[in-house]
Amino acid sequence: MTENSGWWARAQEVLPGGVNSPVRSFRGVGGEPFFVDKGEGAYLVSDQGKRYCDYVMGYGPLILGHAHPQVVEAVRAQALLGLSYGTPTHREVLMGERIRSAIASMELVRLVNSGTEATMSALRVARGVTGRRLVVKFTGSYHGHHDSLIIKAGSGAATLGVPDSAGVPEEIAQLTMTVPYNDIDALREVFREHGRNIAAVIAEPVAGNMGTVPPVPGFLETIRELTQEYGALWVSDEVMTGFRVTYGSVAESRGLEPDLITLAKVIGAGMPVGAYGGKRQYMELVAPLGAVYQAGTFSGNAVAMAAGLAQLSVVGEPHFYETLTQRTTRLAEGLKERARRHGIEVSVNQAGAMMTLFFNGQSPTNFDEVAASDHERYRRFFHGMLERGIFFPPSGYETCFPSWAHTDADIDMTVQAADAVFRQL
Ligand SMILES: *Cc1c(COP(=O)(O)O)cnc(C)c1O
């Protein structure tokens, strides 16, 4: 079946590249992305009526799958009462309380509209608190598209930031320093040289935007130790990992206490939401209490809060994360085993319900190792799976998100399809 419906040509006439976010412009069956009419549980249905078992899941938010009845009902009920008010509502308070009860170090929480806004605002707080200019991020980590963080690294030791995007002034890029993920020595080196000027280290506690790359032992602990020693803030960017890997924060689940934490994705259940928060002494700097300005017409939006609260109440049930992690492991093990049967070298990185299949005999621990995987082979794998009605992320630098809606049967069907695709790779 071809997926050509004429909409892709129309899309390209009116939207840059036909899309509203670059990752969506992949070549699907027939060389075009498919358009979605609806989502049902673990499946997407295209405008051509083709069903895809979906492991992209909106890039992370849809941990319960598409159109979960409790989430849909909460949205419907709220919509009848109005969409947005510009005044305080109970649900914003309930969301703040729910987040704080799951993540103790988020003593004060500010709700925003996206992960990008959350990290942008958290950095502003860190700079406001410390009166310093520099921030440190890790190569291959994505924290949103704002000027300070859309910076790529050179390889090896820390390099001064080079913007990853035109339109970012060099003066701003130079305030961001990049270090390879999991490189404890390089991080120490940066602190030895610049420590007293560093406002914040921002890190994903499990990297998810270069494929899934878990932290090596001691990596997060070193971030904590160095930021404390030099008076910088540790911003744990849990936009992807928060309420995805475990109920709450990955950093806290490892017994660590970040200064600021950012959330989005799962806490919005598919509605546009973000949040940042941390110790009271830092968050008291945020307007209207303090001098760090940050605001938003839709922040804490009523419909988004309704959706997010409904989702968080389901994932808060006992054994939710154990079960979802087991299903993800079933997929990871199945893929590995079938690849080996066909003599194909792969590794799978997994953290809870995040996983990536790398065509690489070694599990990558940083961006360069991810880049050294066979991405051409991944591309062929992606297309083979898509033809068989399974939607994996279009790039080998993305994470797969199994959801609560994926049954063991869905996963076994996926592994069967992968077997057939591996045979042709
Ligand atoms: C997705 C993501 C962001 C950006 O969130 P948006 O809602 O897309 O702006 C930031 N940080 C991490 C770790 C992410 O995964």
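Atoms within a ligand are numbered from 1 in the order they appear, just like the ligands themselves.
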Taking the six-membered ring for Trp, are F34 and F391 parallel (under 30°), tilted (30 to 60°) or perpendicular (over 60°)? perpendicular
For S347, which residues count as a side-chain contact (heavy atoms from CB on, under 4.5 Å) partner, sequence neighbours excluded? F358, N360, S363, P364
Which protein residues come within less than 4.0 angstrom of ligand 1, counting heavy atoms only? S114, G115, T116, Y142, H143, G144, E204, N209, D237, V239, M240, K265
Interatomic distance, S403 atom OG to H68 atom NE2 [nearest 0.5 angstrom]: 9.5 Å
With sequence neighbours excluded, tell me which residues meet salt bridge (charged side-chain N to carboxylate O under 4.0 Å, His left out) with E73. R76
Check the side chains of R124 and Q294 for a donor-acceptor pair under 3.5 angstrom, ignoring hydrogens and angles. no
Residues which pass salt bridge (charged side-chain N to carboxylate O under 4.0 Å, His left out) with R133, listed by chain and number, not counting sequence neighbours: none
